[in-house]
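Just so it is clear, the structure is predicted and the values come from calculations on it, not from any experiment.
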Amino acid sequence: MTTQDGSAGPGPVAGSQLRFDYIPRPGLLAITLTNLFFNLVTLTLYRFWAKTNVRRHIWSCVHINGEALEYTGRGKELFIGALIVFGVLLLPIVLLLMALQIWLGPEHPAVFIVQFGFFFIIFGLWGMAVYRARRYQLSRTLWRGIRGALVGSAWSYTGLHAGATLLAPMTLGWSTPAMNFNLQERMIGDMRFGSMPFQFSGTAGPLYGRYAIAWCLAVVIFLSVLITGGALIYAAFGNEFWAILSGLATTDSPARSNAYEDQVQSFLLIVFGMFGVVLLAWLAQSLIWPIYLAREMAVFASYTTFDRAHFRLDATAGSLFLLTLGNVLLWIFTIGIASPFIQQRTIKYMCDRLTVVGEVDLAAILQSPAPVPRSGEGLADAFDVGGI
Amino acid sequence: MDQTPARYFDGKSALERPVTIHLDLHALTISGKSISPIRWPLADLRAIDRPIPGMPFRLASKTEPDARLVIANDAFAAELVKLAPQLKGGFTVERLKRSAVFAAIALASVGLLTYLTLVLAPRLIASAMPDSWRNALGIQIESSFTEGMKVCNSPDGRAALDELARRIRENNPDLPAFTLTVYDTPAVNAFALPGGRIAVFSNLIATADTPEEVAGVVAHEIGHVANRHSEAQLVRAVGLQLLLSLASGGSGGNHLGELASVLTILQYSRDAEREADEYAQKTMTSARIDPLGLKHFFEKIQKLDGDSSILGDLGNMLSTHPVTQERIDAIKPLDGPSRPVLTPEDWATLRKICD
Ligand SMILES: [Zn+2]
């Protein structure tokens, strides 16, 4: 025990060092298999309870100063959250679209306008889904009986998020570090543990060096894939390529000749070749972006303070890449069944590399006065927002 | 051993308070330097996680919902669990009973919801649907699945088709309104769509040997129209899609929903087919049309089933109107004499409607 907070009452400002540990408990495999079974039986309707079981387990493995976190969420709450979003958002829109299609016909501009509006709503509410899911999770996360909380406005975060999403393609991605910084600043600034706020201060500047490296590498890889792919196809088929494509387009009659078979074969070859090239490009991209992401995580942690302590996250590009690669392989080879273990790996990675520098006055942390949301994550479930 | 040191968190601040806990038959008593003794009745205790030897055992109590007690002493924890067996976790009779009740309620609600969506709502909505909706729906569905098909409309052929429709209406004043359209396709099939739109494929006319066979099929489709089967099926498909998207989350349901497409809408249950057959029998009896035509046609279709592969998805009438021996046997001949549906000349003209 490194704590020295046994003394009662407010004396001279007493501080404690904080330490994160991931201490595994047995039982995750049993949870994974139970979840799999019930998800299959219920057409994945069990997923709310499944998610809850996994969180309760993983939370209980995260220890701060030897005291485990506690997850108090219920599957029922997630289920009700999803029902509310379904009834309030999805169902009315689907019914409206259907009614319009019946009245006006599927090609009427009003149908397109409503459809566009629907996508716009989803796009616009994405940040809302992220924010509300975080609020729910924090309100259900206890340490030493004290709840976390997210106390800001979901709408302002939602607006910021929509702006960031719009800016990214307009600036060819160069707005991403600055906007991620703004989003993180807003999120961390709204976070509380009990009565004590987190603070976030710094600038986006230090992110840009790494971003430039990753961005240039990504562009180089993209271009070289494009050029090699094109060259390969040209070398293999020469001018025949267009002939093959146009041949495929016109040969639509039942009388199929041998030439047609040949064309289909060459076409398949091209498709497989392209598939291979895209796969390579994807692998290369997932190699490149950890260069930036590791930097972003570390910088954001160093900008975060809690009482008189600040955080340090020793995330490196190499370790993050290995984590991602392992997770992707685990996902592929178990067709997603092992996702609780993927979550565990990710949380463990953070715990292993997170240190808290400085002291926190634990006696000053009182129970959170923030209201506790009664249901949660409906939007996040509807949009399939990633996360734990 | 009825006493051990433990860690206590009062739920009001994050401060750790070292305490001594004392166990008797009814309660845990928590006492320490900085707090006045607190009594947690054993019946109110709740384990945060299952007790695992070697790991700290975490407890909460209804008395103070936010407070937590952590016991690091395995022997003491074991003794406590003996006195308060609800802390043990895992399967207990009580918990099993609760799960069974929960599962029963869940199953019943799923069953009720499925019944509402797939049986009750389609019937009610289909019969309450205004004609303008039915017509709009029928036009859209027809145009979506006959896209690229030629409409057969030679003036003489059209007149013969109208004559066939008029013959079916003879002595049948209660027949619903319907419109017949022939499409030029190699598939042997016919559909009833919302709003009384009936689509007949040209190869069905070519496969038929007599006008009675075509009239029988059309009468059968009118049976679907009269019972609003396609409207009900449409509501069913939409409901199923909504149900699936509710079950599997926003994005997952849409992929499944795409499967519930036109084919599902046109695929009737055996009950619906029987209803349509009975309607056809009744209609043909009133109009004095020989029902054996329909019988022969069904027999022909049943044999065609073998080469359904060349006909494609919509091509096989069996895929949308399952023909069984039972259905064939149910078709009875007329009591008295029948009158022909078309003259041989009109029949020959109808067969050339696509030229
Ligand atoms: Zn039928």
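- For A/Ala364, no part sits under 4.5 Å from any heavy atom of chain B, backbone or side chain.
- Salt-bridge formation is not detected for the pair B/Arg58/A/Glu70: no Lys NZ or Arg NE/NH1/NH2 atom is positioned less than 4.0 Å from an Asp or Glu carboxylate oxygen.
- Contact check for A/Glu67 versus B/Arg7: side-chain heavy atoms found under the 4.5 Å cut-off.
- Around CG of A/Leu40, the count of heavy atoms belonging to other residues, nucleotides or ligands within 6.0 Å exceeds 12.
- Side chain of B/Arg68 to main chain of A/Gly145: no donor-acceptor pair is present (N/O by atom type, distance under 3.5 Å, no hydrogens or angles).
- The neighbour count for B/Lys33 NZ, taken as heavy atoms of other residues, nucleotides or ligands under 6.0 Å away, does not exceed 12.
- Distance check, rounded to the nearest 0.5 Å: CD1 of A/Ile146 to CG of B/Leu15 gives 10.0 Å.
- Residues A/Arg25 and B/Asp49 form a side-chain contact, since some pair of their non-hydrogen atoms from C-beta on lies under 4.5 Å apart.
- Counting heavy-atom pairs closer than 4.5 Å to chain B, the top-ranked of the candidates A/Met196, A/Arg56, A/Gln367 is A/Gln367.
- A salt bridge links B/Asp66 with A/Arg147: the distance from a Lys NZ or Arg NE/NH1/NH2 to an Asp or Glu carboxylate oxygen falls below 4.0 Å.
- Using a 4.5 Å cut-off on side-chain heavy atoms (C-beta onward), A/Leu362 and B/Ser13 make no contact.
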May I have the step-by-step check of side chain to side chain contact (heavy atoms under 4.5 Å, CB included) for A/Ile23 and B/Met55, ending in yes or no?
-> CA-CA 10 Å; A/Ile23 305 174; B/Met55 291 191 145; 4.3 Å; yes
